[in-house]
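The structure displayed is predicted, hence computed values, not measured ones.
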Amino acid sequence: MSTKYDPKETEAKWYPYWVNNGFFEAKPEEEKDPFTIVIPPPNVTGRLHLGHAWDVTLQDILIRAKRMQGYDALWLPGMDHAGIATQAKVEGKLKEGGKSRHDLGRETFLEKSWEWKEEYAEFIREQWGKMGLSLDYSRERFTLDQGLSEAVREVFVRLYEKGLIYRGEYIINWDPATQTALSDIEVEYEEVKGALYHMKYPLVDGEGYIEVATTRPETMLGDTGVAVHPDDERYQHLVGKKVILPIIGREIEIVADEYVDMEFGSGAVKMTPAHDPNDFELGNRHQLDRVLVLDESGVMNENAGPYQGLDRFECRKQIVSDLQNDEVLFNIEEHVHAVGHSERSGAVVEPYLSTQWFVHMQPLADQAIKQQQSEDNVNFVPDRFEKTYLHWLENIRDWCISRQLWWGHRIPAWYHKETGELYVGRTAPEDKENWQQDDDVLDTWFSSALWPFSTMGWPDEGAEDFNRYYPTNVLVTGYDIIFFWVSRMIFQGIEFTERRPFEDVLIHGLVRDAEGRKMSKSLGNGVDPMDVIDQYGADALRFLLATGTTPGNDLRFHWEKVEANWNFGNKIWNASRFALMNMDGLKPEEVDISGEKTIADRWILTRLQETIEHVTRLMDRYEFGEVGRTLYNFIWDDVCDWYIEMAKLPLYGEDEEAKATTRSVLAYVFDRTMRLLHPFMPFITEEIWQHLPHEGDSIVVAAWPESSEELKDEEAVKDMELLKQVIHTVRNTRAEMEVPPSRPIKLQIQAATDDTLACLKRGEDYLDRFCYPETLTLDTKIDPPEKAVSHVLSGAELYMPLEGLIDVEAEVERLRKEKEKLDKEVERVQKKLSNEGFVSKAPAHVVEEERSKERDYIDKREKVIARLVDLSS
RNA sequence: GUUCCGUUAGUUCAGUGGGAGAACGCUUGCUUGACAGGCAAGAGGUCACUGGUUCGAAUCCAGUACGGAACACCA
């Protein structure tokens with residue numbers, strides 16, 4: 001074994017071994033309770049980023065721990081076809097060859113898209129492998145698989161038959177770049193410095209004009225009315241009259257509606273029912289015409305009169321300039337407002353009148369809210385995200401689900417070629433030559449909403465996996481997709497399986513760069529997890545991601561932190577090397593810790609039991625950061641810095657029996673520790689575990705450690721406390737007085753009681769090894785030597801005669817300071833204890849603790865004072 | 001505008017009603033038979049501010065300031 005840990009070699013070795021042996025496969029036939037997680041399916045568009053890496057690391061930790069804890073653990077992998085994103089990529093590739101999807105035709109384009117999918121799916125699997133994920137590949141799914149597509153059709157048809165899916169002409173969010181409709185949540189609003197353009201529309205009867213304002217002047221071409229508030233005295237006399245729309249010359253009516261805010265602007269609003277959702281509704285109430293002035297690519301159409309053929313932004317410039325010349329537009333005011341952009345293409349989204357398919361959300365949302373109020377609610381971790389979720393449901397709006405794309409689930413609706421009759425069904429009508437299927441596909445999220453059950457065989461409710469593994473136990477995802485995905489899985493799960501699709505939702509944040517900025521392509525500050533793995537290994541990356549934060553919070557990525565975690569791996573590696581070198585081919589059946597053990601043996605075994613308990617408890621509460629810290633400190637501080645150093649005594653000694661026991665303890669402790677750490681750092685723990693005396697084929701399927709009361713030893717813990725204190729004090733004194741270990745000192749320790757003396761005697765060998773004394777005197781009564789440095793510990797006094805080195809004055813000064821410190825402590829404790837409220841109201845054990853501190857401080861102070869008297873005499 | 005989150009050591013973050021913690025960085029000393037990517041010993045904090053509850057508040061409550069997020073927006 002090399003003195004440096006090389007993750008590359010180790011990590012490449014174990015993953016194929018795990019997969020080929022089927023360790024990750026769920027086994028429904030086994031007499032175990034199932035535990036299920038479905039992966040949030042990544043888009044097949046490309047590389048996994050650090051956000052994915054974080055998400056899957058948390059899931060892998062959970063599923064590995066549960067597998068070891070004896071569950072039939074299923075972690076189901078899969079990918080999402082990602083309609084818009086993938087189609088855009090494939091189209092981009094075609095464009096390089098100077099072609100559009102229309103040149104290819106629907107079928108050929110889909111063939112190309114499937115090729116893309118196969119290529120990238122393999123790429124993603126490779127990345128999963130590098131991360132070390134314990135996914136059950138035998139159950140891998142893709143949202144466009146036959147089974148999942150069947151589920152999509154089933155859901156569509158059932159919702160349609162229930163009246164919860166409808167088709168109609170409404171204002172939707174239109175992305176002119178990708179030329180498809182979007183749902184409300186696929187639009188991101190950004191504050192933009194724009195302008196408010198004030199215009200005058202002249203009255204038909206020539207009696208002046210009415211003033212209106214807009215942020216999108218080009219839409220005026222589609223105006224079909226002007227609205228004022230019915231109570232607005234300025235305009236009451238104008239209601240019912242008509243104005244002439246400049247440029248177009250259309251006569252449009254002034255209507256009264258309570259929607260209008262009298263305080264804003266002039267109190268009169270131009271109405272563009274084909275290009276604004278509010279205007280659309282208001283237009284319905286007043287039977288206003290709907291005039292579309294834009295085509296699907298964002299270019300002005302034939303209704304735009306002289307502006308036909310101009311791009312929408314070009315048109316805006318032009319129209320502003322023209323209207324200014326005509327003095328229709330008389331004022332331009334700076335105005336900051338939120339402009340919607342397509343989440344995918346980044347293009348400015350147009351509210352656009354269009355015929356689309358929608359899900360009627362209210363009944364589904366009501367069901368989900370009701371479920372959340374019941375005992376079988378979804379447990380959000382941290383729970384504050386439940387509020388986010390409920391707030392969204394309570395303000396639900398209908399979901400536009402049709403997309404003008406080819407890559408996706410085609411809407412199972414057919415129109416009769418002659419009669420135009422609509423048919424919705426699981427399969428095409430029998431006389432399908434007379435019918436034309438709807439060209440559109442469904443929103444990608446429509447299929448991912450079914451993911452927890454469509455992947456398990458639903459709608460076949462007799463499917464084995466569906467019955468065994470659904471509902472799933474926990475879903476892990478980022479807070480940024482609660483609306484997109486989590487909430488939709490919940491309401492669809494309730495509607496179609498009558499159950500919540502998962503018990504818990506573990507929410508994490510975003511990975512940010514070292515400065516706290518979001519990682520983005522435009523900033524170029526993204527970090528590729530595969531680069532991190534290449535440099536430091538997957539274990540280091542995983543440990544960083546698992547321990548970097550608390551649930552729900554964002555995580556900053558620092559390379560230094562990855563490096564620190566690599567160091568941790570290296571530390572484990574070297575500690576294990578030490579253990580293995582001393583184990584000398586110990587066989588599993590030879591591991592025997594029943595013999596007589598040293599203080600260090602008993603102490604480390606106690607610490608191990610505490611660590612097992614603590615880690616197990618924290619895992620169930622998803623406190624991975626705390627687990628990580630607990631293991632880090634146990635391994636580095638307790639095992640490496642103390643236990644290994646102490647174990648060297650018997651290991652390098654002559655007592656074969658003691659040696660054998662310590663070897664066994666080493667084997668025992670390392671085995672349990674590797675298992676506890678395995679979910680976090682699967683590769684290095686497997687590598688080491690395989691070298692240790694072990695039974696079984698892999699640590700992946702080894703049992704989770706259980707703590708044992710019999711191995712806890714309070715006496716050893718007490719002994720260690722005192723010994724560590726003594727050793728620390730001596731080291732400290734040596735460092736301060738600049739006495740190197742090579743220069744032995746006389747060390748005298750006076751124990752306050754026989755018990756303490758016995759304890760020191762038990763640990764004499766350790767004191768000998770760690771304090772480098774020339775002579776070591778232990779007694780209950782010691783004559784303080786002259787010119788010695790002294791330290792008062794709880795229960796013992798330490799004397800180190802340092803002739804020639806000690807400066808009596810400095811020593812007196814140090815002791816004075818020590819006394820002052822103790823004075824303050826005594827004062828503080830006594831103040832607390834003299835407070836009647838404290839003594840009567842605080843819990844008894846807290847009061848007793850303070851009393852015991854008081855005794856200890858007073859005792860120490862007396863001894864310091866006595867020492868001062870000695871030195872000054 | 002509503003809701004939520006954050007403010008703790010130089011930096012990144014834990015903690016959470018009973019005397020402030022880790023990692024990294026910094027200082028000093030060590031080629032101690034696993035590891036110098038190591039070991040040992042240190043320095044470093046009015047836990048943002050103001051009130052309140054409590055015997056006791058960094059921790060709970062209210063407000064303020066600053067930073068961030070989500071949702072909703074009046075053309």
Side-chain angles (χ1 to χ4, degrees), chain A residues 1 3-5 185 189 196-198 212-216 219 226-227 259-272 276 278-279 282 335 337-338 382 384-385 387-388 391-392 395 479-480 482-483 509-510 512 514 516 518 547-550 552-558 560-561 563-582 623 625-626 628-629 632-633 636-637 640-641 644-645 648 651-652 727-728 731-736 738-742 769-770 772 825 828-829 832 835-843 845-847 849-850 853:
Chain A
M1 283 171 92
T3 61
K4 275 186 200 168
Y5 175 57
I185 54 177
Y189 289 89
L196 198 53
Y197 302 87
H198 296 266
V212 295
T214 182
T215 52
R216 294 185 296 154
T219 62
V226 171
Y259 155 78
V260 180
D261 179 358
M262 287 190 277
E263 308 296 320
F264 190 87
S266 65
V269 196
K270 63 190 259 321
M271 292 287 117
T272 324
D276 183 281
N278 293 316
D279 295 5
L282 198 140
H335 183 69
H337 61 138
R384 63 187 146 93
F385 289 106
K387 221 173 182 174
T388 314
H391 181 259
W392 186 74
N395 297 281
Y479 59 65
D480 51 328
I482 292 177
F483 303 144
L510 263 38
R512 297 174 176 278
K518 257 189 189 177
T547 60
T549 59
T550 33
N553 292 330
D554 291 349
L555 180 144
R556 286 194 197 198
F557 182 88
H558 297 263
E560 304 84 74
K561 282 201 227 168
E563 205 183 330
N565 287 316
W566 183 88
N567 283 352
F568 180 43
N570 193 48
K571 186 73 181 174
I572 296 167
W573 181 254
N574 278 298
S576 305
R577 274 181 56 229
F578 170 84
L580 291 166
M581 280 161 63
N582 286 288
E623 298 273 7
E626 279 296 298
R629 254 162 265 135
Y632 189 99
N633 293 333
W636 205 307
D637 302 341
C640 294
D641 289 346
I644 286 184
E645 292 309 320
K648 284 175 182 173
L651 288 174
Y652 296 156
I727 291 164
H728 187 260
R731 282 172 172 173
N732 176 288
T733 307
R734 277 180 176 279
E736 297 217 320
E738 292 176 2
V739 183
S742 53
R769 182 173 173 89
F770 293 110
Y772 305 101
E825 295 294 356
R828 193 187 58 76
V829 175
K832 212 167 186 181
N835 179 340
E836 216 167 292
F838 175 74
V839 179
S840 62
K841 289 183 181 171
H845 74 273
V846 175
V847 178
E849 250 172 65
E850 291 300 320
K853 279 183 206 163

Distance below 4.0 Å between [X] side-chain N/O and [N] OP1 or OP2:
| X | N | answer |
| --- | --- | --- |
| K387(A) | rC4(B) | yes |
| H558(A) | rA23(B) | no |
| T550(A) | rA14(B) | yes |
| N395(A) | rA72(B) | no |
| N582(A) | rG33(B) | no |

Gap in Å between the two [atom1] atoms, one belonging to [N] and one to [M], rounded:
| N | M | atom1 | answer |
| --- | --- | --- | --- |
| rG25(B) | rU12(B) | C1' | 11 Å |
| rG51(B) | rU11(B) | C1' | 32 Å |
| rC26(B) | rG44(B) | C1' | 9 Å |
| rU32(B) | rC39(B) | C1' | 8 Å |
| rG15(B) | rC73(B) | C1' | 40 Å |
| rG67(B) | rC61(B) | C1' | 23 Å |
| rG33(B) | rG10(B) | C1' | 38 Å |
| rA34(B) | rA41(B) | C1' | 22 Å |

Which part of the nucleic acid, if any, lies within contact of [X], taking any heavy atom under 4.0 Å across all strands shown: a base, the sugar-phosphate backbone alone, or nothing?
| X | value |
| --- | --- |
| G548(A) | sugar-phosphate |
| K853(A) | base |
| N553(A) | sugar-phosphate |
| N278(A) | sugar-phosphate |
| P740(A) | nothing |

remark   = By nearest-nucleotide position on RNA chain B, the 5'-leaning member of Y772(A) and G625(A) is G625(A)
request  = Nearest-nucleotide wise, let me know which of H335(A) and D554(A) is further upstream toward the 5' end of RNA chain B.
outcome  = D554(A)
When the distance from [atom1] of [X] to [atom2] of [N] is rounded to whole Å, what number comes out?
| X | N | atom1 | atom2 | answer |
| --- | --- | --- | --- | --- |
| R734(A) | rU28(B) | CZ | C1' | 16 Å |
| E560(A) | rU12(B) | CD | C1' | 9 Å |
| N835(A) | rU54(B) | CG | P | 14 Å |
| N633(A) | rC13(B) | CG | P | 19 Å |
| D261(A) | rC74(B) | CG | C1' | 6 Å |
| N565(A) | rU12(B) | CG | P | 18 Å |
| D480(A) | rC5(B) | CG | C1' | 15 Å |
| R556(A) | rU12(B) | CZ | C1' | 8 Å |

ask   = Using Watson-Crick and G-U wobble pairs with both distances under 3.5 Å, what is the 5'-to-3' dot-bracket string of RNA chain B, with [ ] for crossing pairs and | for pairs outside the strand?
value = (((((((..((((....[..)))).(((((.......))))).....(((((..]....))))))))))))....
query = Hey, does the Lys NZ or Arg CZ of K648(A) hover above the aromatic six-ring of F578(A), less than 6.0 Å from the centre and inside 45° of the axis?
reply = yes
request  = Pick out which of D279(A), T219(A), D276(A) makes a side-chain hydrogen bond (donor to acceptor under 3.5 Å, both in side chains) with K270(A).
outcome  = T219(A)
Nearest-0.5 Å distance, [atom1] of residue [X] to [atom2] of residue [Y]:
| X | Y | atom1 | atom2 | value |
| --- | --- | --- | --- | --- |
| I482(A) | H391(A) | CD1 | NE2 | 13.0 Å |
| M271(A) | Y259(A) | CE | OH | 6.0 Å |
| E736(A) | R731(A) | CD | CZ | 15.0 Å |
| D554(A) | K518(A) | CG | NZ | 9.0 Å |
| T272(A) | N278(A) | OG1 | CG | 11.0 Å |

Please pick, from [options], the nucleotide with the shortest atom-to-atom distance to any side-chain atom of [X].
| X | options | result |
| --- | --- | --- |
| Y652(A) | rA34(B), rC5(B), rC74(B) | rA34(B) |
| I644(A) | rA34(B), rC5(B), rC55(B) | rA34(B) |
| F838(A) | rA75(B), rC55(B), rC71(B) | rC55(B) |

task = Measure the distance between the ring centre of Y479(A) and the centre of the six-membered base ring of rA70(B), then answer whether it is under 5.5 Å with planes under 30°.
result = no
key: Heavy-atom protein contacts under 4.0 Å, nucleotides 35-46 of chain B, coded B base, S sugar-phosphate only, - none   = B-BSSSSS----
query = Between W392(A) and F483(A), what is the ring plane arrangement, given parallel below 30°, perpendicular above 60°, and tilted in between?
reply = parallel
query = Closest approach of H198(A) and L196(A), non-hydrogen atoms and distance?
reply = CD2-O, 3.5 Å
